[in-house]
Amino acid sequence: MTSIQHTATTDTVDGYRPLIPEDQVETVLELRKILSGGAPEEGAQTVPFLGLKLTVPSTVMTPCPVSPILGGAIFAEVQEGDRVLDMGTGSGSLAITAAAKASEVLAVDINPDAVEAVLANAQRNGVADRVQARVSDVFSAVEGTFDLIIFNPPFQWFAARDVADSATTDEGYGALTRFFGEARQYLAENGRMMIFFSTMGDVQYLQKLIDEAGFQHEVVFRTTRPVADVPVEFSCHRLS
């Protein structure tokens, strides 16, 4: 297992350095240590999500307590007939939620176990005819344009210990940076994006990427919840 050292505040992939203040970096480091300390649940879990029933393998991230708020925001944003891309889909909770109104949803993830879970969960919840899923490193296996792109990215910038850990951490924000560098070519005319993030990561770096890409930006919601007794702000950003 890779240990997390305070040297994580120095240059990493592509010269990334945290833009948040040092005390916030220290808080992120402590949360990383705490949350990576326990052994993962063995076997699959079945969890409810906005009226859906999802089966989540131990190698795939289970929706967190804030996820239903995000799911509600996604459902409100999807328009009838939209073609939707769910980037970093995990168990497929957002993809399947979007499929209630979308004409087509492509769910992608770097984790093959997540892709299998999405297909099974789409079948289980009656939307298999509208949900495709495939392994993709950001846009590497994505084709065409989309009316709505959803991205719930890893919040932290450390090296992942394994493919399951890639749901929570993105070394040097390499994937997040590539996403913003390529997203426009996959957006249809008048397309929108919904991005979820939190103060468990470098929110100032996210804002920098949004500004550099020139997107119009509004915050759909902000909410603060305790994570390991530390107040963490979660936010959803609508970009167009």
Side-chain angles (χ1 to χ4, degrees), residues 40-154 162-168 170 175 179 182-183 186-188 191-196 220 234 236 238:
E41 296 276 348
E42 292 189 6
Q45 303 178 63
T46 299
V47 298
F49 184 84
L50 297 179
L52 305 172
K53 184 175 288 187
L54 305 175
T55 296
V56 186
S58 60
T59 52
V60 175
M61 188 173 181
T62 303
C64 73
V66 180
S67 297
I69 302 175
L70 175 60
I74 295 302
F75 184 79
E77 179 63 30
V78 177
Q79 299 176 14
E80 296 288 342
D82 273 354
R83 186 170 192 246
V84 176
L85 172 64
D86 182 21
M87 179 75 64
T89 187
S91 63
S93 58
L94 301 180
I96 295 167
T97 297
K101 292 195 287 185
S103 62
E104 178 185 351
V105 179
L106 174 60
V108 300
D109 202 289
I110 199 170
N111 184 349
D113 293 345
V115 171
E116 290 186 14
V118 173
L119 293 173
N121 285 325
Q123 182 70 42
R124 183 175 293 109
N125 290 281
V127 294
D129 61 326
R130 296 192 295 282
V131 176
Q132 301 177 48
R134 65 183 65 145
V135 173
S136 185
D137 183 0
V138 193
F139 292 103
S140 65
V142 175
E143 299 172 350
T145 60
F146 299 85
D147 303 291
L148 177 64
I149 297 177
I150 303 163
F151 193 18
N152 180 359
D162 50 40
V163 70
D165 196 35
S166 66
T168 63
D170 166 22
F179 173 86
E182 300 173 15
Y186 295 95
L187 273 178
R192 304 94 62 206
M193 301 202 303
M194 296 283 275
I195 311 295
F196 188 56
V220 176
F234 298 87
C236 179
R238 184 184 188 274

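What's counted below: heavy atoms across the whole structure, side chains too, no hydrogens, waters or symmetry copies. All residue numbers refer to positions in the sequence shown, counting from 1.
- Partner of M193 under the side-chain contact (heavy atoms from CB on, under 4.5 Å) criterion, out of L85, L148, I150, L187: L187 alone.
- Residues forming a side-chain hydrogen bond (donor to acceptor under 3.5 Å, both in side chains) with D170 (at least two apart in sequence, or on another chain): none.
- Annotation: side chain of L70 is not in contact with side chain of F234 (no heavy-atom distance under 4.5 Å).
- Taking Y186 as the reference, F139 meet the ring pair (Phe, Tyr, Trp, His ring centres under 6.0 Å) condition, with sequence neighbours excluded.
- Annotation: the span from F196 atom CZ to I74 atom CD1 amounts to 9.5 Å, rounded to 0.5 Å.
- Residue A102 comes nearest to V78 through the heavy atom pair N-CG1, 3.8 Å, listed as atom of the first residue, atom of the second, then distance.
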Report all side-chain donor-acceptor pairs from residues 86-95 shorter than 3.5 Å, counting only partners two or more places apart or in another chain.
{"unit_1": "D86", "atom_1": "OD2", "unit_2": "T89", "atom_2": "OG1", "d": "2.7"}
{"unit_1": "D86", "atom_1": "OD2", "unit_2": "A95", "atom_2": "N", "d": "3.3"}

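- A 4.5 Å side-chain heavy-atom check between V84 and D147 finds every atom pair outside the cut-off.
- Summarising the geometry, atom CE belonging to M61 is positioned 14.0 Å from atom OG belonging to S58; distances are rounded to the nearest 0.5 Å.
- Contacts of R192 classified as side-chain hydrogen bond (donor to acceptor under 3.5 Å, both in side chains), with partners at least two apart in sequence or in another chain: E77, D82.
- The shortest non-hydrogen separation linking I195 to P153 is CG2-CD, 4.4 Å.
- Residues F49 and P63 approach most closely at CD1-CB, 4.1 Å, considering heavy atoms.
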Checklist entry - Does the side chain to side chain contact (heavy atoms under 4.5 Å, CB included) test come out yes or no for T46 and K53, once each step is laid out? => result CA-CA 7 Å; T46 299; K53 184 175 288 187; 3.4 Å; yes

Item to check | Steps toward side chain to side chain contact (heavy atoms under 4.5 Å, CB included) verdict (L54, N125) | outcome: CA-CA 8 Å; L54 305 175; N125 290 281; 4.1 Å; yes

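- For the side-chain hydrogen bond (donor to acceptor under 3.5 Å, both in side chains) test, residues two or more places apart in sequence or in another chain that qualify with D113 are T59.
- Residues in residues 118-140 take part in these salt bridge (Lys or Arg N to Asp or Glu O under 4.0 Å) pairs, two or more places apart or across chains: D137-R178.
- Here OG of S67 is found 9.0 Å from CG of L50. Values are rounded to the nearest 0.5 Å.
- For the residue pair A122 and V131, the shortest heavy atom distance occurs at CB-CB, 3.9 Å.
- Under the side-chain contact (heavy atoms from CB on, under 4.5 Å) rule, V115 has a single partner from V60, V135, V108, which is V135.
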